Chemist: 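My structure is below; once you've seen it, I'll send some questions.
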There are 2 protein chains.
Amino acid sequence: MSRFVHPAKEDITLEGVLGALSDPMRLRIFSKLLGSRAGSLSCSGATPCEQMAKSTLSHHFRVLREAGLIRTTKQGVENLNSARWDDVNERFPGLLKAILKFQG
Amino acid sequence: MSRFVHPAKEDITLEGVLGALSDPMRLRIFSKLLGSRAGSLSCSGATPCEQMAKSTLSHHFRVLREAGLIRTTKQGVENLNSARWDDVNERFPGLLKAILKFQG
DNA sequence: GCAATAGTTCAGTATTATTGAAATATTGAA
DNA sequence: TTCAATATTTCAATAATACTGAACTATTGC
């Protein structure tokens, strides 16, 4: 089984967060996770666009995960992804709000 | 003479700004420009570290410029670079402040 | 066990970054 | 006005990173 890499809250870096969210697909994924009523979504459930290759989608989730922006757990046959809002916000107060304000 | 490319204020994109500032060298350059008493600095005057190749530095200034974060004009033998704080702030109010708050 | 489903990993190609070397532009002095 | 010095850009090559199809792994239900 593959184990997901999640940095500790204090290891989240500004450049990691900005780099992860500087890709419009990843920004949309993150925004979708935040907007989800359930609080978490499968990878395919959070796809920003249908025609993206599975491997590319998987790559984007990994970048978000390793930047500390999302947490992924395996739940049955799918992954559940949720935004680490509180962690990121405690590390960089106000940053996510300021960025997401402009995400359409 | 080389002409610098500066996007209009309304053409500045969120992904461009985040991508440009997701590089720690560029974030330091931008921060240095903002902190400069004169309001503008030459490329070498805003170098984030001495051992960087001139061509790399030039590349970073171009990324910042094309993202709309800085304005460059040729003044004599050197370039004068200044942060486009107002333009970026009008386009994305509060964004720069939220990011730079965490720049050491 | 087998097929279906959801993602990951791998390996090749494509894009982007970094750099040394050469080129360009400007200034000031001989 | 020619020449050297300075500041920066452009070019071309290499290094690193991103994207993708194909193959693989893990889980569930039949």
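Chain letters run A, B, ... following the sequence lines, proteins first and then strands; every chain starts at 1. Every value quoted in this text rests on a predicted model; they were computed, and no experiment measured them.
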Chemist: Using only atom types and a distance under 3.5 Å, with no angle test, would you say the side chain of B:S31 pairs donor to acceptor with the backbone of B:R28?
Modeler: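 Side chain of B:S31 to backbone of B:R28, a donor-acceptor pair under 3.5 Å: no, none is there.
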Chemist: Determine yes or no for a side-chain-to-main-chain donor-acceptor pair under 3.5 angstrom, with B:N81 supplying the side chain and B:T72 the backbone.
Modeler: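 No.
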Chemist: Can you name the nearest heavy-atom pair linking A:G68 to A:R84, along with the distance?
Modeler: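 What the structure gives for the nearest pair is O-CD, 3.3 Å.
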Chemist: Measure the distance from CD on A:E50 to P on C:dA6 and round it to the nearest whole Å.
Modeler: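 From A:E50 CD to C:dA6 P: 12 Å.
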Chemist: What is the separation between atom CE on A:M25 and atom C1' on D:dC19, rounded to the nearest whole Å?
Modeler: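 Computing the A:M25:CE to D:dC19:C1' distance gives 13 Å.
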Chemist: From CG of B:L64 over to C1' of D:dT8, roughly how many Å is that when rounded to an integer?
Modeler: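 Going from B:L64 (CG) to D:dT8 (C1'), I get 16 Å.
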Chemist: Is a side-chain donor or acceptor of B:R91 paired with a backbone partner of B:E10 at a separation under 3.5 angstrom?
Modeler: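 Flag set: sc B:R91 to bb B:E10 pair under 3.5 Å.
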Chemist: Please report, rounded to the nearest Å, how far the C1' atom of D:dT17 is from the CD atom of A:E66.
Modeler: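 Checked: the CD to C1' distance equals 13 Å.
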Chemist: Where along nucleotides 14-20 of chain C does protein come under 4.0 Å, by heavy atom, of base (B) or sugar-phosphate alone (S), with - for untouched nucleotides?
Modeler: ---SSBB
Chemist: Is any side-chain heavy atom of A:L21 less than 4.5 Å from a side-chain heavy atom of A:L100?
Modeler: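 Contact flag for A:L21/A:L100 side chains = no.
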Chemist: Whole Å only: how far is the CD atom of B:Q75 from the C1' atom of C:dT26?
Modeler: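 To the nearest whole Å, that distance equals 12 Å.
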Chemist: Mind checking B:S44 for me? I need base, sugar-phosphate or nothing, with any heavy atom below 4.0 Å counting as a touch.
Modeler: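 Touches sugar-phosphate only.
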Chemist: Give a yes or no answer on whether the side chain of A:K101 reaches the backbone of B:P93 with a donor-acceptor pair at less than 3.5 Å.
Modeler: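 Present.
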Chemist: Provide the full list of side chain to side chain donor-acceptor pair (under 3.5 Å) pairs with a residue in residues 47-64 of chain A, sequence neighbours left out, each pair given once.
Modeler: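 As it turns out, the side chain to side chain donor-acceptor pair (under 3.5 Å) pairs with a partner in residues 47-64 of chain A, which skip direct neighbours, are A:R26-A:H60.
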Chemist: Once you round it to whole Å, what is the distance between P of D:dA7 and CG of B:L41?
Modeler: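 To the nearest whole Å, that distance equals 14 Å.
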Chemist: Taking NZ from B:K74 and P from D:dT8, how many angstroms apart are they, rounded to a whole number?
Modeler: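 Taking atom P of D:dT8 as the reference, NZ of B:K74 is at 8 Å.
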Chemist: For B:F4 and C:dT24, what is the distance between atoms CZ and P respectively, to the nearest whole Å?
Modeler: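 The answer, rounded to whole Å, is 16 Å.
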Chemist: Would one find a side-chain N or O of B:N79 under 4.0 angstrom from OP1 or OP2 of D:dT9?
Modeler: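 Affirmative; the distance criterion is met.
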Chemist: Using Watson-Crick or G-U wobble geometry with both distances below 3.5 Å, tell me the partner of C:dT26, or none.
Modeler: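 C:dT26 is paired, partner D:dA5.
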